[in-house]
Amino acid sequence: MPRLRLGMIVLVAAALAAAGCTFGDDQPAARPASGAAPAGDRLNLKGVCPDPIVVQTDWFPETEYGVYYHLLGPSPKVDTERKRVSGPLLAEGRNTGVQIEVRTGGPATDFKLVSEQLYTDKSITLGQVNTDEAIRFASKQPTLAVAAPMEISPFMIMWDPGTYPEFNIIADIGQNPDAKVLYFKGDTYMDYLIGSGILRKSQVDPRYDGLPKLFIAAKGATTQAGFATSEPYIYEHDVKEWNKELNYALVNDTGYPFYPQALSIRAADKQKLAPCLEKLVPIVQRAQVDFLNNPEKTNALIIQTVTDYKDFWTYSPGLARYAIDKMRLDFVNNGPDRTLGNFEVGRVQRLIDIVTPILVGQRQPTKPGLRPQDLYTNEFIDPNIGVAP
């Protein structure tokens, strides 16, 4: 499954704590439980938020992005031509008074980065932007992340255990110069893996486009990047030409600490959108928690929407169940504290330190003096909302 993304993630909570990492100056102080405010007030977005609220994703509908489809009310409208889904925005079963529109990315937007789309289409309210993508474009297309629905990235590299029984981690792939790595062109994490010596430049092949044809043609001789919540299941169960189990290792475990698909706005819109975000961000936090606990109806909507789109991307009930199980087990959690969706200043600074030299080497330097606080804010996060242990 390709996504025009620029990185991967690592979260090593113990190491971060030992390094004295904090959540930055804008981490909100603990406040009364979100249920303390009258539901009718805190869930009323009419006159406060744009209508509709437009969320631009970076790929087709899928369980990993289920939080946004979970906000759609009953009988949403599916625009199969433009690949968009819209309907009343519901929170905790209540109509918030505004509409939400969830837009498909990838081929539907000519594979444009979401950060670019935020600036070329001002009708978009929020979009999915990886932290390293935000660093790359901080100078000319600055974005500000307001929530991270997924704490750990499921980006991975997979391989055939029959061909490469000696592989256990990504560094093992780098030890075999004959093992090629298919990946999606533009992903900054690959520059990191090469620059750090984990992989060799001669190994990487940026021709992966979301289709299995190149992997199948190699008959197991190549490895391939993708999502741990997707490709391993697809290739084992849905790709008849392969139909075998694959092993994988997370890029997360190589030391690349970005937040994947963080919900982001144009940086200059913060003040204008602040009254909306004060209500909307906790709604998104709660929706992610509820989706993890009650995914069935939303996954059914995702499956049906993909079917209606009639594109090369398909989505099966088995894949949806696999993805939600993986999300619960490995990728959606509270991180080192009790809050879902917030950002950690030391982790973002570490990524700035990694990505900045890469961009300089590519003659695409980022904003001079870039700080973590230029890339995210915890101002709108409700610290009392988290995933149950």
Side-chain angles (χ1 to χ4, degrees), residues 5-29 113-115 127-153 155 187-198 250-268 270 277 281 331 333-362 364-381 383:
R5 297 168 175 144
L6 291 150
M8 295 289 145
I9 181 178
V10 62
L11 177 64
V12 187
L16 292 175
C21 294
T22 65
F23 285 80
D25 296 336
D26 62 345
Q27 171 67 13
L113 292 169
V114 174
S115 56
Q128 294 178 313
V129 180
N130 296 326
T131 317
D132 56 353
E133 179 183 337
I135 293 170
R136 179 183 288 270
F137 298 105
S139 179
K140 295 183 178 180
Q141 295 172 334
T143 55
L144 186 74
V146 297
M150 194 174 292
E151 182 75 16
I152 297 177
S153 171
F155 269 70
D187 283 336
T188 302
Y189 77 86
M190 193 58 72
D191 295 305
Y192 162 73
L193 293 176
I194 295 169
S196 61
I198 296 172
L250 297 175
V251 176
N252 167 70
D253 297 332
T254 69
Y256 192 74
F258 93 109
Y259 289 91
Q261 293 81 45
L263 188 61
S264 303
I265 61 172
R266 291 173 287 269
K270 180 187 175 186
L277 295 171
V281 169
F331 304 116
N333 59 59
N334 302 330
D337 62 359
R338 61 190 180 93
T339 301
L340 172 71
N342 57 346
F343 301 87
E344 187 274 310
V345 64
R347 177 173 163 185
V348 177
Q349 182 62 60
R350 184 180 171 205
L351 187 69
I352 292 174
D353 294 341
I354 291 172
V355 173
T356 298
I358 292 174
L359 297 178
V360 170
Q362 296 175 345
Q364 299 177 8
T366 187
K367 175 184 176 181
L370 186 66
R371 305 171 304 154
Q373 292 85 349
D374 296 327
L375 302 170
Y376 78 90
T377 179
N378 286 328
E379 180 179 342
F380 309 110
I381 292 286

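Keep in mind that the numbers below use all heavy atoms, side chains included, and drop hydrogens, waters and symmetry copies.
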* Structure fact -> Heavy-atom closest pair (Ile381 atom, Gly341 atom, distance to 0.1 Å) is CD1-O, 3.4 Å

* Kindly give the heavy-atom pair with the smallest separation between Thr366 and Ala138, and that separation in Å. => OG1-CB, 3.7 Å

* Asked: Does any non-hydrogen side-chain atom of Thr377 lie less than 4.5 Å from one of Val146?
  -> yes

* Asked: Mind checking what makes ring-ring contact (aromatic ring centres under 6.0 Å, His included) contact with Tyr192, not counting sequence neighbours?
  -> Tyr256

* **Nearest heavy atoms of Glu151 and Asn333, plus distance in Å** => CG-OD1, 3.3 Å

* Structure fact -> In short, Ser264 meets Thr143 closest at the heavy-atom pair CB-CB, 4.4 Å

* Shortest non-hydrogen contact from Ser153 to Leu250? -> O-CD2, 4.4 Å

* Structure fact -> Between Thr339 and Pro383, the two heavy atoms sitting closest are OG1-O, 2.7 Å

* Structure fact -> Output for pair (Ser115 OG, Gln141 CD), nearest 0.5 Å, gives 5.5 Å

* To do: Not counting sequence neighbours, list each pair that qualifies as a salt bridge (Lys or Arg N to Asp or Glu O under 4.0 Å) and has a residue in residues 255-268.
  => Arg266-Asp269

* **Residues that Ser139 engages under side chain to side chain contact (heavy atoms under 4.5 Å, CB included), provided they are two or more places apart** => Lys367

* Asked: Listed by chain and number, what are the side chain to side chain contact (heavy atoms under 4.5 Å, CB included) partners of Pro372, not counting sequence neighbours?
  -> Val345, Val348, Gln349, Ile352, Tyr376

* Structure fact -> Contacts of Gln362 meeting side chain to side chain contact (heavy atoms under 4.5 Å, CB included) (sequence neighbours excluded), chain-then-number -> Arg136, Asp191, Ile358, Leu359, Gln364

* Donor-acceptor contact below 3.5 Å, side chain Thr356 vs main chain Asp353 -> no

* Asked: Side chain of Asn378, backbone of Phe343: donor and acceptor closer than 3.5 Å?
  -> yes

* To do: Please tell me if the side chains of Met150 and Tyr259 come closer than 4.5 Å, counting only heavy atoms from C-beta onward.
  => no

